[in-house]
Amino acid sequence: MSLPRPYEELLSEVLVTEEQLKKRIPELGAQISRDYAGEDLVLICILRGGVMFLTDLMRHITIPHSVDFMAVSSYGAGARETTGQVRITLDLTMNISGRNVLLVEDIVDSGNTIASVLAFLESRQPKTLKVCSLLDKAESRQSEVPIHYTGFVIPNKFVFGYGLDLDEYYRNLPFIGVVDPKKYTPPN
Ligand code: IMP
Ligand code: MG
């Protein structure tokens with residue numbers, strides 16, 4: 001197995017800097033803390049891309065809340081496409097019935113993943129169900145999905161870093177970068 005290349009060789013530009021993340025995420029945390037004040041709250045994070053955002057966001061949510069995780073995979077699609085159908089590969093541990101649920105995602109692209117996950121969560125009868133996504137590729141939407149809290153609206157380019165992967169690497173980068181299509185060929 002060949003080792004991944006240093007990220008500098010694949011990066012065309014930094015789209016969201018570490019400074020921008022450090023400014024925006026506390027704002028989102030403050031807004032969520034205000035909106036859910038006096039209410040019960042459970043954050044649900046979709047593995048694995050949302051993890052870095054979740055752990056930073058929850059440090060800025062000042063009201064008591066719980067956290068749970070789920071994982072999904074898309075049917076019959078490559079790493080950079082979705083077909084609209086997702087399979088739940090890891091279910092929640094908690095019972096969310098009657099609770100205020102906030103789904104925490106790294107990125108909404110076509111919207112297909114979130115649309116399926118929302119339908120799945122809705123069937124568990126939460127009291128409320130909302131979406132917080134760090135990134136919104138608004139131009140590429142196929143399924144109309146509500147995003148109640150958005151970090152940054154970004155253009156339709158493949159991004160990596162800050163939880164988002166490029167073939168399962170580079171999630172550790174503290175910023176969000178754009179992949180240079182001239183320097184990177186997806187594996188088959
Ligand atoms: P969807 O097209 O909204 O269903 O997006 C599904 C998933 O694709 C997201 O949750 C991400 O895990 C992944 N994804 C979409 N766009 C990107 C990207 O630019 N970089 C990394 N992952 C992405
Ligand atoms: Mg994801």
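One-based numbering, in listed order, for ligands and for the atoms of each. Keep in mind that the numbers below use all heavy atoms, side chains included, and drop hydrogens, waters and symmetry copies.
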With Tyr36, which residues qualify under ring pair (Phe, Tyr, Trp, His ring centres under 6.0 Å), at least two apart? none

Do the side chain of [X] and the main chain of [Y] share a donor and acceptor less than 3.5 angstrom apart?
X: Ser143; Y: Ala115; value: no
X: Arg141; Y: Asp109; value: yes
X: Ser133; Y: Asp136; value: no

Can an N or O of Phe160 be found at a distance shorter than 3.5 Å from an N or O of ligand 1?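 N/O-N/O distance under 3.5 Å: no.
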
[X] heavy atom under 4.0 Å from ligand 1:
X: Val159; answer: yes
X: Lys157; answer: yes
X: Phe158; answer: yes
X: Gly49; answer: no
X: Arg141; answer: no

Shortest heavy-atom approach to atom 2 (O) of ligand 1 - which of Ser133, Ser110, Ser116: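 Answer by nearest heavy atom: Ser110.
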
Hey, mind stepping through Arg87 and Ser73 against side-chain hydrogen bond (donor to acceptor under 3.5 Å, both in side chains) and telling me if it holds? CA-CA 5 Å; Arg87 185 164 54 93; Ser73 75; 3.2 Å; yes

If only side-chain N and O atoms count, and only distance matters, is there a donor-acceptor pair under 3.5 Å linking Asn100 with Thr128? yes

Beyond-backbone contact of Val104 with Tyr149, side-chain heavy atoms, under 4.5 angstrom: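 A side-chain contact is absent here, since even the closest heavy-atom pair is not under 4.5 Å.
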
Under 4.0 Å to a heavy atom of [X] - the qualifying atoms of ligand 1, by number:
X: Lys137; result: 16 (N), 17 (C), 18 (C), 19 (O)
X: Glu105; result: 10 (O)
X: Thr113; result: 1 (P), 4 (O), 5 (O), 6 (C)

Have a look at ligand 1 and work out which part of Asp106, if any, has a heavy atom under 4.0 Å from it: side chain, backbone, both or neither. side chain

Residues two or more places apart in sequence or in another chain: which of them pass salt bridge (Lys or Arg N to Asp or Glu O under 4.0 Å) with Glu144?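 None.
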
